[in-house]
Amino acid sequence: MRMWLGWLLAGWMSFGVAAGAQDYGDTPYVPTPQVVVDRMLETAKVTKRDFVIDLGSGDGRMIITAAQRFGARGFGVDLNRNLVQTANRNAAKAGVANRAVFYEQDLHETDLSKADVLSLYLLPEVNLMIRSRILALRPGTRLVSHDYGFGEWPPDIEFIMDAPGKKVGRDEKSKVLFYVVPAQVAGKWVWSAPGGTYDLELDQVFQKISGTLGVNGRRANIDKAQLSGEQIRFEAVVGETRYEFIGKVTNNAINGEMRVAGAAHAWDATRTMLREARFHDLKPGVMAR
Ligand SMILES: C[S@@+](CC[C@H](N)C(=O)[O-])C[C@H]1O[C@@H](n2cnc3c(N)ncnc32)[C@H](O)[C@@H]1O
């Protein structure tokens, strides 16, 4: 895999230099093959309710496809003025200029707060530069990236696909990586419910969570733990009893449902101690995959 990525990067660099594209910012212009654009937007489950932002938008194909095929709205930014003009022309030709707009702007200075979905095809070190801004976005914001990841942040979905006509690399393959910005849940949570008083101690590394559940003073590790955006679920067996939880995190509250030995109750937890989630690499400087 490393060798394949090495080839891809080397190919990309020479393509960028040949095209003189590196004049325009951190990442040279290489278009994403249309079939990969389609799969990226499908993977992100883009709908007409979504606002999509493409960072380094090239000829506009990502946002134009999001508008044309999925009914979404959005904008793209690029430093290359010619590409921005081409993208706006392409949007007009496709009949979606009212929903797909392109600006000449540095992605490092672009306000991302409107995004439901972010798409990008940037070099791995650029991904790392913007990762902390992405992780600070609204939990549940979806992110889909072509070829490169975000260091130690593990993707929720990752696959390699055929990319006929791809301008870099030698095997016409593309990697698609999908992420959901996780809520910050690390800390101590407490609540009461039929059966007693409960507390939950959670640690968090990106979207991976672990910890212990306490029930009336007895403790056990949680298992089957999942965090996707603001949705949290986990189970634990304390004593002989299995507890299952599913809820939605909103700042320092979780609201949802708990099942104790099959019986359902409301689950309303409050965070009494905030712990820092680890949203950074342990080995900084390592190339993102
Ligand atoms: C690999 S291309 C991807 C184009 C398009 N997103 C696609 O997938 O077809 C990267 C694009 O990012 C643009 N770019 C590089 N650095 C940028 C920056 N700092 N701000 C905005 N755009 C940038 C380049 O001009 C180029 O068009």
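Order of appearance sets the numbers: ligands from 1, and atoms from 1 within every ligand.
The shortest heavy-atom distance from Pro28 to ligand 1 is under 4.0 Å. Put simply, part of His108 is less than 4.0 Å from ligand 1, judged by heavy atoms.
When side chains are defined from C-beta on, Asn255 does not count as touching Lys248, because their heavy atoms never get closer than 4.5 Å.
Under a 4.0 Å N-O distance rule, the pair Arg219/Asp199 qualifies as a salt bridge.
Near Tyr121, meaning under 4.0 Å from one of its heavy atoms, ligand 1 places the atoms 1 (C), 2 (S), 3 (C), 8 (O), 10 (C). For ligand 1, the atoms closer than 4.0 angstrom to any heavy atom of Pro31 are 9 (O). Of all the atoms in ligand 1, the ones that sit under 4.0 Å from a non-hydrogen atom of Leu83 are 27 (O). Close approach of ligand 1 to Arg61 (heavy-atom distance below 4.0 Å) involves ligand atoms 9 (O). Within ligand 1, counting atoms from 1 as listed, the ones closer than 4.0 Å to a heavy atom of Gly56 are 3 (C), 4 (C), 5 (C), 6 (N), 11 (C), 12 (O), 13 (C), 22 (N). Within ligand 1, the atoms closer than 4.0 Å to a non-hydrogen atom of Asp106 are 18 (C), 19 (N), 20 (N), numbered from 1 in the order shown. Of all atoms in ligand 1, numbered sequentially from 1 with element shown, those under 4.0 Å from a heavy atom of Gln105 are 20 (N), 21 (C).
Annotation: ring-ring contact (aromatic ring centres under 6.0 Å, His included) contacts of Phe51 (sequence neighbours excluded): Phe75. Residues that satisfy the side-chain contact (heavy atoms from CB on, under 4.5 Å) test with Arg275, not counting sequence neighbours, are Ala186, Glu201, Asp203, Met273.
With Trp267 as the partner, the ring pair (Phe, Tyr, Trp, His ring centres under 6.0 Å) test is satisfied by one option alone out of Tyr198, Tyr243, Phe234: Phe234.
Enclosure of atom CG in Asn98 by more than 12 non-hydrogen atoms of other residues, nucleotides or ligands within 6.0 angstrom is indicated.
Classification of the Tyr121-Tyr148 ring pair by plane angle, with boundaries at 30° and 60°, yields parallel.
Residue contacts with ligand 1, taken as heavy atom pairs separated by less than 4.0 Å, do not involve Asp59 at all. With a 4.0 Å heavy-atom cut-off, ligand 1 is reached by no atom of Ser119. When non-hydrogen atoms are compared, ligand 1 lies under 4.0 Å from the side chain of Asp54 (C-beta onward) but not from its backbone.
Of the possible donor and acceptor atoms, one in the side chain of Asn88 sits under 3.5 Å from a partner among the backbone N and O of Phe102.
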